[in-house]
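Just follow the structure's listing: the first ligand is 1, and inside any ligand the first atom is 1. The structure displayed is predicted, hence computed values, not measured ones.
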Amino acid sequence: MAHICQRLRGEGKRIGFVPTMGFLHAGHLSLIERARKENDVVIVSIFVNPAQFGPHEDFSTYPRDIEHDRSMIRHMTDYLFCPPVDEIYFPTEHFDFYINDLADSLCGVSRPHHFAGVVLVLSKFFHIVQPHAAYFGQKDYQQYLIIKTLVQEFFLQLQVILCPTIREKDGLAMSSRNVFLNKEERHQAPFLYQSLLLAEKMLKNGEKNVATLLKNMKEFLRKCPLARLDYIDIRNAHTLQKIETIGDPVVVALAAYFGKTRLIDNILFSAPHYEIKR
Ligand code: AMP
């Protein structure tokens, strides 16, 4: 892969990169489509990265169907990069990557090593692929901010592009993990997004008090008894710092378990563009 990418760069080709863990859905396809529009060559990786899963998380059961993925994206992808785990990680490797306080809050609380694992694998992949641009979904907004910081702090020469969250018809954010939801859980899962829409409506109506917004969202989520909230919060959209009153752009973010399945979602408010500058 590294040799191919060096050759492509030498030929003056612009490389767009879409890292994924596979079991692809329309959310992933939207990133690939965007990369297709903006680059000469599109490289998609499928790699279920062990370093970003905690010991009791779903690494071994994470859904995988590489042949189906391949057929879904064949017409829109130039290279599919699916390295075996032992080619990416050395047996003796023990990295604890430096990441800043962006990784401590929200998903970082219940998944303390998750973002270090994400940063580790993406650092490796960015060195191999040397993309001009890499594409990420807003669903994983905290991940996007952390990757953007990685790129800035290590002076990596690539653009980090944020793409909108793609949803099912009923509003549920598409996720590879949605297949794990049973019928009743699947029925209740769209309430997560509806609670975000409720916050958005209140924000548009001028509500500025974060505690009031969160209280209303939590009350709304009583409609959804199968959801066990991991967190629900409203943070500065650039720094993820806590706020009490709405001022700068904010991210309204939540994570909830349905059984063992952990779903996340968020909305941005008062951000005029998807490209949020830090
Ligand atoms: P994953 O395979 O879950 O690691 O996701 C790979 C990339 O696809 C990440 O940048 C995700 O943010 C993005 N992604 C996942 N689900 C969606 C979605 N529903 N809409 C847009 N992007 C998504």
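- Atom NE2 of His132 has more than 12 heavy atoms from other residues, nucleotides or ligands within 6.0 Å.
- Protein heavy atom at the shortest distance from atom 6 (C) of ligand 1 is Pro19 O, 3.4 Å.
- Put simply, no part of Arg167 is less than 4.0 Å from ligand 1, judged by heavy atoms.
- Summary of contacts: the protein heavy atom closest to atom 4 (O) of ligand 1 is Met21 CG, 3.5 Å.
- Looking from atom 17 (C) of ligand 1 to the surrounding protein, the closest heavy atom is His25 CE1, 3.7 Å.
- For ligand 1, the atoms lying closer than 4.0 Å to a non-hydrogen atom of Phe136 are 10 (O).
- Looking from atom 3 (O) of ligand 1 to the surrounding protein, the closest heavy atom is Tyr62 OH, 3.9 Å.
- Set against the non-hydrogen atoms of Pro164, the atoms of ligand 1 under 4.0 Å away are 20 (N), 21 (C).
- A distance-only check finds no donor-acceptor pair linking the side chain of Arg177 to the backbone of Leu263 [under 3.5 Å].
- To the nearest 0.5 Å, atoms CG (Asp101) and CD (Gln241) are separated by 5.5 Å.
- Between Phe125 and Phe81, the ring center distance clears the sub-6.0 Å criterion.
- The 12-atom threshold is exceeded at CD of Glu93, counting heavy atoms of other residues, nucleotides or ligands nearer than 6.0 Å.
- The protein heavy atom nearest to atom 22 (N) of ligand 1 is Gly137 CA, 3.5 Å.
- The atoms of ligand 1 that sit less than 4.0 Å from any heavy atom of Ile166 are 18 (C), 19 (N), 20 (N), 21 (C).
- Ligand-side atoms of ligand 1 in range of Leu31: 7 (C), 8 (O), 10 (O), 13 (C), range being under 4.0 angstrom from any heavy atom.
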key: salt bridge (charged side-chain N to carboxylate O under 4.0 Å, His left out) evaluation trace for Glu33 with Lys37   = CA-CA 6 Å; Glu33 271 160 22; Lys37 282 198 193 109; 5.6 Å; no

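- Summary of contacts: the protein heavy atom closest to atom 5 (O) of ligand 1 is His28 NE2, 3.5 Å.
- For Thr77 (side chain) and Ile43 (main-chain N/O), no donor-acceptor pair under 3.5 Å exists by modelled atom type.
- The Lys139 neighbourhood of ligand 1 comprises atoms 15 (C), 16 (N), 17 (C), with distances under 4.0 Å to a heavy atom of that residue.
- Under the 3.5 Å distance criterion, with hydrogens and angles disregarded, a donor-acceptor pair is assigned to the side chains of Tyr89 and Asn49.
- Of all atoms in ligand 1, listed by their number and element, those nearer than 4.0 Å to a heavy atom of Met174 are 16 (N), 17 (C), 18 (C), 19 (N).
- Nearest protein heavy-atom contact of atom 12 (O) of ligand 1 is Asp140 OD1, 2.6 Å.
- Within the 3.5 Å criterion, the main-chain N or O of Phe23 finds a donor-acceptor partner in the side chain of Asp69.
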